[in-house]
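Comments concern the structure below.
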Number of protein chains: 2
Amino acid sequence: MASRSHDTSRLDNTLAVIRSLRDKGPVARVDLGTLNGISSATVTSISADLLQQGLISERPPDMPRPNERGRPKTLIQLAPEAACVICIKLSINELQLVVGDYAGQITHSEHHSIDTLGLSQEALVTLLKDKTAAVCDLALTRHRRLAGICLAVQGVVSSHSGTLIWSPALSFRNAPLAALLEAHFDCPVLLENDANCIASVLATQPAYADHPNLVVIMLGYGIGMSVLIDGKPFLGANGSAAEFGHSKYQPGGALCACGKRGCIEAYISDYALYRQASEVIELPAGDSAHPSESQMQALTQLALQGQPEAQRIFAEAGRALGYGLGNLLTLFNPDLVLITGSGVRGYPAMHDAMQTAIDEALVPELVGSTRIASCPWDRDMTCLGGIAMTLQATDQQILAG
Amino acid sequence: MASRSHDTSRLDNTLAVIRSLRDKGPVARVDLGTLNGISSATVTSISADLLQQGLISERPPDMPRPNERGRPKTLIQLAPEAACVICIKLSINELQLVVGDYAGQITHSEHHSIDTLGLSQEALVTLLKDKTAAVCDLALTRHRRLAGICLAVQGVVSSHSGTLIWSPALSFRNAPLAALLEAHFDCPVLLENDANCIASVLATQPAYADHPNLVVIMLGYGIGMSVLIDGKPFLGANGSAAEFGHSKYQPGGALCACGKRGCIEAYISDYALYRQASEVIELPAGDSAHPSESQMQALTQLALQGQPEAQRIFAEAGRALGYGLGNLLTLFNPDLVLITGSGVRGYPAMHDAMQTAIDEALVPELVGSTRIASCPWDRDMTCLGGIAMTLQATDQQILAG
DNA sequence: ATATTTATTTTAGCGACTAAATTAAATGTC
DNA sequence: GACATTTAATTTAGTCGCTAAAATAAATAT
């Protein structure tokens with residue numbers, strides 16, 4: 001209801017400049033002006049402030065002179081050392097810690113194998129504190145300050161309250177992890193869903209930049225989803241992300257890790273595929289309830305190479321996926337659906353059945369113009385997104401000094 | 001990407017003042033200041049402009065003097081005659097035309113019985129033009145200008161493009177109705193989904209004002225839905241509203257009016273209930289594919305009074321509704337779901353089965369704190385919402401003169 | 001050496017806001 | 001009934017942030 005009390009355009013424009021620099025790398029003042037719809041006089045004024053604060057630096061353009069007349073551009077760029085953020089990615093049996101600089105680039109990354117399901121809440125918090133403190137010490141030798149920490153987890157989180165509601169990687173629920181970490185580090189701690197992190201990265205990529213309403217589906221051990229509306233993650237009432245994996249495919253159907261029956265996840269997640277396959281095919285030994293990357297690789301290979309039982313299982317998964325996407329298109333009507341995650345390796349074996357299921361479920365008028373595509377998977381993407389979100393969230397504080 | 005090029009706060013604040021006056025009725029300048037977070041000096045300046053344009057008027061407070069000291073407030077109010085909008089509600093076999101004044105109040109309303117399904121696109125457009133022109137002549141005797149026209153229809157519309165994609169009231173599809181009407185009236189024409197209109201009204205009601213993420217489900221001949229995110233209707237990529245009624249309950253299930261099988265609408269809409277009931281119960285004669293209000297009243301009475309077959313049918317509808325709501329909660333996670341529409345009369349007979357279905361489908365953690373409630377139905381509500389949306393959309397033009 | 005081109009900075013001025021001072025219009029008090 | 005008090009609305013003075021235009025800077029072209 002209440003609009004802002006006075007002109008906030010200086011702050012808005014300053015943040016816009018910082019974000020342009022982060023997205024595009026070094027840019028000249030004129031270009032920052034046209035990019036953000038402000039005069040270059042204003043950019044001069046803003047960049048003078050930022051230079052004085054040590055948040056940006058000037059540098060000559062890369063190319064010596066590509067044959068153009070006129071005064072050469074002076075590029076300005078974010079000073080990487082001005083701040084850093086730490087992103088902690090928590091997934092099943094693995095912890096990844098990454099340091100990002102003020103420009104959003106990864107400057108350090110480490111992986112730890114952890115029995116996440118065996119941890120109590122206290123043990124997890126202690127572990128996170130210790131690992132983070134060590135990384136923080138390292139990071140502060142190269143950066144002026146720690147701007148924020150992002151905990152990116154698979155599962156359902158309430159970002160507003162910083163509470164982890166449920167994660168397949170953990171055996172406890174409803175943990176106020178952000179507050180517990182904030183108590184030990186003198187900076188904001190964000191708790192984010194991993195799919196939202198990835199979606200935030202994809203949305204900035206030029207290939208998808210013209211699709212402001214974007215849905216990202218992550219296939220893997222669980223099924224993640226993120227919905228971006230006008231480029232911003234859609235969070236429900238309590239700040240928890242939309243949970244595509246637990247929308248229903250078959251009332252009373254297959255058992256899901258969440259305890260209910262018929263969830264889409266119970267048909268297309270790694271554990272669901274492996275569970276079905278291990279009943280009918282000879283597969284590498286291992287914990288079939290938590291199949292490893294190599295176990296899944298083996299199974300996927302069979303399906304892609306035409307093993308009939310495996311093909312059938314992946315086709316059924318494709319049907320469930322298509323059915324769920326049908327509901328998703330009906331309800332959200334996005335421009336683009338991107339399917340990614342480690343499970344995207346099996347997507348070719350699901351594709352045809354998926355498309356058939358969508359065609360069965362929807363009249364063409366309702367499908368609208370939504371494009372469905374897959375997208376290769378990179379294990380650092382989550383942390384890149386977490387870094388981007390954390391910087392975005394803390395830019396104003398960094399600016400304030 | 002591009003932020004505004006310079007300070008737009010005067011326009012923003014002026015619009016905020018106008019909207020406050022429309023929402024709250026006459027308000028004093030001081031109160032407009034605190035309400036919108038601006039100084040009263042600014043309100044003085046803004047209201048002087050508006051007075052000069054004849055968009056507002058001053059008046060002494062209602063109560064002569066309730067025993068307070070100090071200079072009495074001078075209330076300012078929107079001048080009803082400053083402009084008007086026309087809202088045309090198109091539903092199955094009925095056309096309603098309503099005139100709203102600049103303050104958002106209904107000043108004229110008329111209903112016409114029309115065989116909507118028998119109309120060609122040309123016939124409909126001619127009809128709309130004629131009826132609207134007549135109402136417009138009347139309205140312009142009392143208002144300085146026609147600010148806009150809103151066509152509120154049941155069905156799927158693309159608001160951005162002003163195209164009607166599909167409506168149960170019409171036998172043709174993909175009609176650019178907004179453009180066709182705009183060609184004959186010298187004002188903007190909005191095409192809106194009826195559920196979005198209603199949701200916009202409900203969202204401003206004090207009882208629901210603290211639920212910015214609101215889902216409204218309309219039960220009736222068809223099933224409508226509107227999702228408000230931060231108080232604004234969520235439109236998908238092409239501007240068409242989310243279609244709850246055509247999300248799926250049973251793959252390959254009952255036949256829906258859209259031509260596909262298993263849609264929720266095929267279980268809980270008026271025609272679905274009546275179709276099932278007429279097979280097993282003796283019911284008033286009539287077109288069972290398009291049951292009238294009185295036919296539905298009769299059927300609903302049976303269910304509410306305990307007739308076993310009717311009860312069973314409504315309970316099954318409740319199950320389908322609950323199942324659909326489960327997916328909705330999983331995906332949108334709203335603060336509040338309001339169930340309304342003419343079909344809400346049968347809600348008590350659906351409620352228990354609905355609740356059971358939700359409990360079966362969702363783990364409590366995922367349900368979050370969403371409240372589900374029903375809400376009495378008023379046939380003028382759609383037009384009130386259409387008027388409000390049209391005024392909101394045209395306020396800036398009215399201001400420009 | 002000078003003209004041209006393009007980038008950046010400086011200057012001058014404008015629009016919009018706020019805080020504080022002033023004016024307006026009541027009620028209370030003695 | 002005169003004067004103090006209270007609250008509302010307006011006026012005044014001053015600040016902030018932006019832009020357009022002018023000035024300056026730094027290159028290439030002739």
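Residue numbers start from 1 in every chain, and the chains themselves are labelled A, B, ... in the order their sequence lines are given, proteins ahead of strands.
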task = Taking only Lys NZ, Arg NE, NH1 and NH2, and the carboxylate oxygens of Asp or Glu, determine whether A:D31 and A:K73 approach each other closer than 4.0 Å.
result = yes
Would you say a side-chain N or O of [X] is under 4.0 Å from OP1 or OP2 of [N]?
X	N	value
A:T44	C:dT9	yes
A:R10	D:dC18	yes
A:N13	D:dC18	yes
A:T42	D:dG17	no
B:R69	D:dA4	no
A:R71	C:dT5	no

Whole-Å distance separating the CG atom of A:D12 from the P atom of D:dC18 =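 In whole Å, D:dC18 P and A:D12 CG are 9 Å from each other.
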ask   = In whole angstroms, how far is the P atom of C:dT27 from the NZ atom of B:K73?
value = 15 Å
Closest nucleotide among [options] to the [X] side chain:
X	options	value
A:T74	C:dT8, C:dA25, D:dG17	C:dT8
A:A41	D:dT11, D:dT19, D:dA26	D:dT19
A:I38	D:dT19, C:dT8, C:dC17	D:dT19

inquiry  = For a 4.5 angstrom cut-off between non-hydrogen side-chain atoms, does A:R10 reach A:D49?
reply    = yes
ask   = So with a 6.0 Å cut-off around CD of B:Q52, is the heavy-atom count from everything else above 12?
value = no
query = Are A:T74 and A:R29 close enough that a side-chain donor and a side-chain acceptor fall under 3.5 Å?
reply = no
request  = Using a 4.0 Å heavy-atom cut-off across all strands, classify A:S45 as base, sugar-phosphate, or nothing.
outcome  =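 Nothing, no heavy atom under 4.0 Å.
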